[in-house]
J.: 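First the structure, then my questions, so here it is.
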Amino acid sequence: MITSLKMLGEIALRKTAEENKTSVDDPITLLISQVRLKDEIDEVIRLIFSLKEGRVKIEKLKATNERKKEYLWIGNVMGVAPQNRLTTTKVEYLISKTISNIINDLQGQKAKSKKVQEFEDILKRIKGRFFIKNAKQSSLNPEFLRGNSEHIEKKQNKKSGEEEEKEVKEKLEGIIERLGVDKKSRLLYTVAFENEREINLPTHEGYIEYLEGSLLSLDEVIDGRCHICGRDGKVIAGPKYPSGTPLKIYAIDKKGFFSGVTDSDDARVRTHAACPNCLRALMAGNSYLMQNFTARAGAEMFNIYLIPRVTGAEIGPSDLDKWAEFLSKTFKTIDSFKALHDFEEELAIQREFRKYEKYNYFLNILFGSPEQAKFDFKYLIQDVPTTRIEKLRNENKRLREGAEKLLPELEWNLGFSDISRIYPIKVKKQRPSEWKGLVELFGAMLSAHAYPYEEIIKKALLFAHICRFGTYKAFNIRKEKNPDIQITTGILKFNLLLKYLEVLDVVNSREGLEVSELVEKLPSELKSWINLISYNPQQQALFLLGVLIGRIGTAQWKGGDKKKAILNKINFRGMGKERVMELANTVFENLRIYRTMEKNEGLYSIMKQLLDANIQKWSMGPVENVFYILSGYSFATRQAISSKTQTDNL
């Protein structure tokens, strides 16, 4: 994965250099490659520290991508590291912490260029003139805002830093509002300095040099071997990869990780080190990945990062953005029906998309999410070929079309988001707390690894139990208007999912999948569904038993029993074969009670013959038994709705 990130970064740096007419090795090239162009920003607010006028002037500008580049909007520092960005979305950083943090950083550096020294001197002049020392830190003195608002009397420095910061922030917000900026606007704040002339500090060469050094930890360079390219020379040992990004997976920031369990330079170099060139490429690749190769999947529950690896061809800088768009849209086709539909339409319109299909590339697919001080790693699937994604897409489409012929009113897509809506996951504070099973299922689908058949059956029964007994709050399953209809939709989709996983070589086909001759006597719709899903004789018997229960339930519903008492005869946690035989007898009695025996006598006879022929060699467990019974119940109920013998409120 790290090699792929480096490759991506090298292309991104060449692209940035070409677009901005800079050298690949120029510090500004790396910084511009980090700029967050896709962040939604409405206005840029400039805080101009004017020595000439003795005040802080406030100016608003319309946010554009060019301004994001000009002011180097590369994001706030995540985690506990000191804030040192002169362009930020949080004005409280600029009026309190940031300038002092940068000065402290620079004072600790042994060797500084003239540009960096000049930049440091400017910051010291700003701090000395416009900031006041309070209990814990320096804060902007609101006295210097007087030219933009009502006169502010000279202040005493008795308040705490937090109180001072809050007061200054409130006054700034009032000034900004009077400039005509809507309260709901997404703002970016930046800093300028004015004396004989005005200087945008993020464009100052000293700041650019400082920021590059900060990102790459260039003040910590020592001799060693780069673990990325393998060359000997100057390296950064234990690089401080940015928090909240996939690169943070490789951060070595605990003594226990180091070789010899010591944090000496030698131990750090032996554990993990990168040369400045590789580190630049990794930073650029990491940033490009975060902005262009990400997706939200699993009904928006998971962040997915697509890290490409190309073989046999080279992606040119001019093709990078379009290729990233193509790859991202290709992956999203296996997440949702809308993404698949939109992609197929766009592929037909944008003929240039076709040329990206020729590249032989693989995807490293990373599941995880940014945290304040870390990256919450969940799962990594390495080297997924594009042919695998095509197989998922094509088999999904084929099965969906087959199911639609039988029950056209249902949405049969089996994308990741569709699966996650029926696959129960425990949640805590509306976030997944037991995500592993679902992510491993996605991983198995993408890599053709085995996944336990029994786990799918258990999740299907848990889904039905949640809907039947209303335990929605503890899970990701959303409550629908009619839980009974929700059960039928979900259980049928689990049936199609099992078939999908079978053709993807993810779950093993169960033994004895031969179709009984008795099935040929069934009505065409039942026979077509059995053939589509490929039930074995035991599953056929249970499915048909469930169909009969569904027809009894329909009769009960018509008679005013909206809860369908027949469902109380099913234990949603599982039923052994003896209980299944008892249920078959109960169904016979209920067919007579509800006067539906005449219409269902032939179906009952086929079900009973299948059951009796297989009961002595029964191989399915209690959970499987109930799943296939509920499958038949669901099919019969949906049939009843389709034939309009009941309303949608069944």
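These figures come from a predicted structure and were not determined experimentally.
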J.: Whether Glu401 and Lys405 form a salt bridge (side-chain N of Lys/Arg under 4.0 Å from carboxylate O of Asp/Glu) is what I want to check.
T.: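 Answer for the salt bridge query: no.
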
J.: When you compare the side chain of Val384 with that of Ile381, does any pair of heavy atoms fall below 4.5 Å?
T.: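 A side-chain contact exists here, since the closest heavy-atom pair is under 4.5 Å.
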
J.: Is the shortest side-chain heavy-atom distance between Ile477 and Gln486 below 4.5 Å?
T.: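 Of all side-chain heavy-atom pairs linking Gln486 with Ile477, at least one is under 4.5 Å.
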
J.: What about Phe375 and Tyr305, are their ring centers closer than 6.0 Å?
T.: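 Yes, the ring centres sit under 6.0 Å apart.
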
J.: Given side-chain hydrogen bond (donor to acceptor under 3.5 Å, both in side chains), test Asp484 with Tyr633 step by step and report yes or no.
T.: CA-CA 11 Å; Asp484 186 44; Tyr633 166 78; 2.7 Å; yes

J.: Should the pair Asp342-Lys332 be classified as a salt bridge under the 4.0 Å nitrogen-to-oxygen rule?
T.: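 Looking at Asp342 and Lys332, the cut-off is not met.
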
J.: If every non-hydrogen atom of Val580 is compared with every non-hydrogen atom of Leu611, which pair is closest and at what distance?
T.: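 Residues Val580 and Leu611, closest heavy atoms: CG1-CD1, 4.2 Å.
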
J.: Do any N or O atoms from the side chain of Ser534 and from the backbone of Ile530 form a donor-acceptor pair under 3.5 angstrom?
T.: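 Such a contact is absent between Ser534 side chain and Ile530 backbone.
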
J.: Before accepting this row, confirm whether a basic side-chain N of the pair Glu10/Lys6 lies closer than 4.0 Å to the acidic partner's carboxylate O.
T.: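 A salt bridge is present here (some side-chain N lies under 4.0 Å from a carboxylate O).
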
J.: If I take atom CG from residue Leu522 and atom CE from residue Met607, how far apart are they, to the nearest 0.5 angstrom?
T.: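 Answer rounded to 0.5 Å: 11.5 Å.
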
J.: Do any N or O atoms from the side chain of Ser287 and from the backbone of Ser33 form a donor-acceptor pair under 3.5 angstrom?
T.: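 A pair under 3.5 Å: yes.
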
J.: Please check this pair: side chain of Gln538 against backbone of Ser619, looking for a donor-acceptor N/O pair closer than 3.5 Å.
T.: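 Judged by distance alone, yes, a pair lies under 3.5 Å.
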
J.: Yes or no on side chain to side chain contact (heavy atoms under 4.5 Å, CB included) for Tyr500 and Val506, after CA distance, side-chain angles and deciding distance?
T.: CA-CA 9 Å; Tyr500 186 36; Val506 171; over 6 Å; no

J.: Do Asp418 and Arg421 sit within salt-bridge range, that is, some charged N less than 4.0 Å from a carboxylate O?
T.: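 The answer is yes: the pair qualifies as a salt bridge.
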
J.: Do Pro370 and Asn303 make a side-chain contact, defined as non-hydrogen atoms from C-beta onward lying under 4.5 Å apart?
T.: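 Yes, their side chains come closer than 4.5 Å.
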
J.: Apply side chain to side chain contact (heavy atoms under 4.5 Å, CB included) to residues Lys527 and Asn531 and explain how you reach the verdict.
T.: CA-CA 6 Å; Lys527 184 166 60 177; Asn531 289 332; 3.7 Å; yes

J.: Please check: side-chain N/O of Ser328 versus main-chain N/O of Glu325, any donor-acceptor pairing under 3.5 Å?
T.: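 Not confirmed, Ser328 side chain does not pair with Glu325 backbone.
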
J.: Looking only at non-hydrogen atoms, find the nearest pair between Leu8 and Gly285 and report the distance.
T.: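 Nearest pair, atom of Leu8 first, then Gly285: CD2-O, 3.7 Å.
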
J.: To the nearest 0.5 angstrom, please state how far the CE atom of Met620 sits from the CD1 atom of Ile457.
T.: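 One gets 9.0 Å once the value is rounded to the nearest 0.5 Å.
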
J.: Are the side chain of Asn495 and the backbone N or O of Ile491 linked by a donor-acceptor pair below 3.5 Å?
T.: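 Side chain of Asn495 to backbone of Ile491, a donor-acceptor pair under 3.5 Å: yes, one is there.
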
J.: Could you go through the side chain to side chain contact (heavy atoms under 4.5 Å, CB included) check for Glu440 and Glu455 one step at a time?
T.: CA-CA 11 Å; Glu440 286 182 344; Glu455 189 65 20; over 6 Å; no

J.: Between Ser4 and Pro308, what is the shortest heavy-atom contact and its length?
T.: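 Looks like CB-O, 3.3 Å.
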
J.: side-chain hydrogen bond (donor to acceptor under 3.5 Å, both in side chains), that's the test. Do Lys38 and Asn292 meet it? Break it down for me.
T.: CA-CA 9 Å; Lys38 295 192 176 182; Asn292 298 281; 3.1 Å; yes

J.: Nearest 0.5 Å, what's the NZ-CD1 distance between Lys608 and Ile615?
T.: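 If we round to the nearest 0.5 Å, Lys608:NZ and Ile615:CD1 are 8.5 Å apart.
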
J.: Taking side chain as C-beta onward, heavy atoms only, is Ile307 less than 4.5 Å from Leu289?
T.: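 Counting from C-beta outward, Ile307 and Leu289 do come under 4.5 Å.
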
J.: When rounded to the nearest 0.5 angstrom, what distance separates OG in Ser634 from CZ in Phe494?
T.: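 Reported to 0.5 Å precision, the distance equals 11.5 Å.
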
J.: Side chain of Gln291, backbone of Leu37: donor and acceptor closer than 3.5 Å?
T.: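 Looks like yes, one N/O pair under 3.5 Å.
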
J.: Distance from Leu532 atom CG to Leu406 atom CG, nearest 0.5 Å?
T.: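 It comes to 6.5 Å.
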
J.: Looking at Glu371 and Lys374, is there a salt bridge between them, counting it only when a charged N and a carboxylate O are closer than 4.0 Å?
T.: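 No salt bridge links Lys374 with Glu371.
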
J.: Between Asn625 and Trp618, does a side-chain hydrogen bond (donor to acceptor under 3.5 Å, both in side chains) hold up when you go through it step by step?
T.: CA-CA 10 Å; Asn625 293 339; Trp618 203 259; 3.1 Å; yes

J.: Take atom NZ of Lys577 as the centre, draw a 6.0 Å sphere, and report whether it contains more than 12 heavy atoms from other residues, nucleotides or ligands.
T.: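 Correct, the count exceeds 12.
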
J.: So do the side chains of Arg398 and Glu395 get within less than 4.5 Å of each other, counting heavy atoms only?
T.: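 A side-chain contact exists here, since the closest heavy-atom pair is under 4.5 Å.
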
J.: Flag the pair Glu409 and Arg638 as a salt bridge only when some basic side-chain nitrogen lies within less than 4.0 angstrom of an acidic carboxylate oxygen.
T.: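 Between Arg638 and Glu409 there is a salt bridge, with a charged N closer than 4.0 Å to a carboxylate O.
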
J.: Please evaluate residues Lys617 and Asn614 with respect to the criterion side chain to side chain contact (heavy atoms under 4.5 Å, CB included), reporting the C-alpha separation (whole Å), side-chain torsions for both, the decisive distance (0.1 Å), and the verdict.
T.: CA-CA 6 Å; Lys617 55 183 178 181; Asn614 288 279; 3.4 Å; yes

J.: Can you name the nearest heavy-atom pair linking Ala339 to Ser336, along with the distance?
T.: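 Distance-wise, the nearest heavy atoms are N-OG, 3.2 Å.
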
J.: Under a 3.5 Å distance rule, please check whether Asn536 uses its side chain to pair with a backbone N or O of Gln539 as donor and acceptor.
T.: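 Indeed, once roles are kept as given, a pair shorter than 3.5 Å links the two residues.
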
J.: How about Tyr628 and Tyr535: are their ring centroids closer than 6.0 Å?
T.: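 That pair passes the under 6.0 Å test.
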
J.: Quick one: are Met575 and Val623 in side-chain contact, heavy atoms under 4.5 Å?
T.: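 Counting from C-beta outward, Met575 and Val623 never come under 4.5 Å.
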
J.: Quick check: do Leu544 and Tyr604 have side-chain heavy atoms less than 4.5 Å from each other?
T.: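 No, too far: nothing below the 4.5 Å cut-off.
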
J.: Salt bridge check, Asp561 against Lys563: does any charged N sit closer than 4.0 Å to a carboxylate O?
T.: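 Looking at Lys563 and Asp561, the cut-off is not met.
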
J.: For Trp412, does the six-membered ring have the charged nitrogen or CZ of Lys493 within the cation-pi criterion, i.e. under 6.0 angstrom from the centroid and within 45° of the normal?
T.: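 No.
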
J.: Write down the atom of Leu583, the atom of Leu545, and the distance for their closest heavy-atom approach.
T.: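 Where Leu583 meets Leu545 most closely, the heavy atoms are CD2-CD2, 4.1 Å.
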
J.: With no hydrogens and no angle check, do the side chains of Tyr453 and Glu624 hold a donor and an acceptor under 3.5 Å apart?
T.: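 Note: Tyr453 and Glu624 side chains meet the donor-acceptor criterion.
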
J.: Does a side-chain heavy-atom distance below 4.5 Å link Pro537 with Gln540?
T.: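 Of all side-chain heavy-atom pairs linking Gln540 with Pro537, at least one is under 4.5 Å.
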
J.: Taking CZ in Arg186 as the centre, count heavy atoms belonging to other residues, nucleotides or ligands within less than 6.0 Å. Is the count above 12?
T.: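 It does: Arg186 CZ has more than 12 such atoms within range.
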
J.: Rounded to the nearest 0.5 Å, what separation is found between the CG atom of Leu363 and the CG atom of Asp383?
T.: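 If we round to the nearest 0.5 Å, Leu363:CG and Asp383:CG are 9.5 Å apart.
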
J.: Do the ring planes of Phe469 and Phe572 sit parallel (below 30°), tilted (30 to 60°) or perpendicular (above 60°)?
T.: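 If you compare the ring of Phe469 with that of Phe572, the planes turn out perpendicular.
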
J.: Would you say Asn476's side chain and Ile425's backbone share a donor-acceptor pair under 3.5 angstrom?
T.: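 Pair found, side chain donor or acceptor close to backbone of Ile425.
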
J.: Can you tell me if Thr333 uses its side chain to pair, donor with acceptor, with the backbone of Thr330 under 3.5 Å?
T.: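 Flag set: sc Thr333 to bb Thr330 pair under 3.5 Å.
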
J.: Which heavy-atom pair separates Met290 from Pro246 by the least distance, and what is that distance?
T.: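 Taking Met290 first and Pro246 second, the nearest heavy atoms are SD-CD, 3.3 Å.
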
J.: Checking the side chain of Gln556 only, and the main-chain atoms of Ile566 only, is there a donor and an acceptor separated by less than 3.5 Å?
T.: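 Present.
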
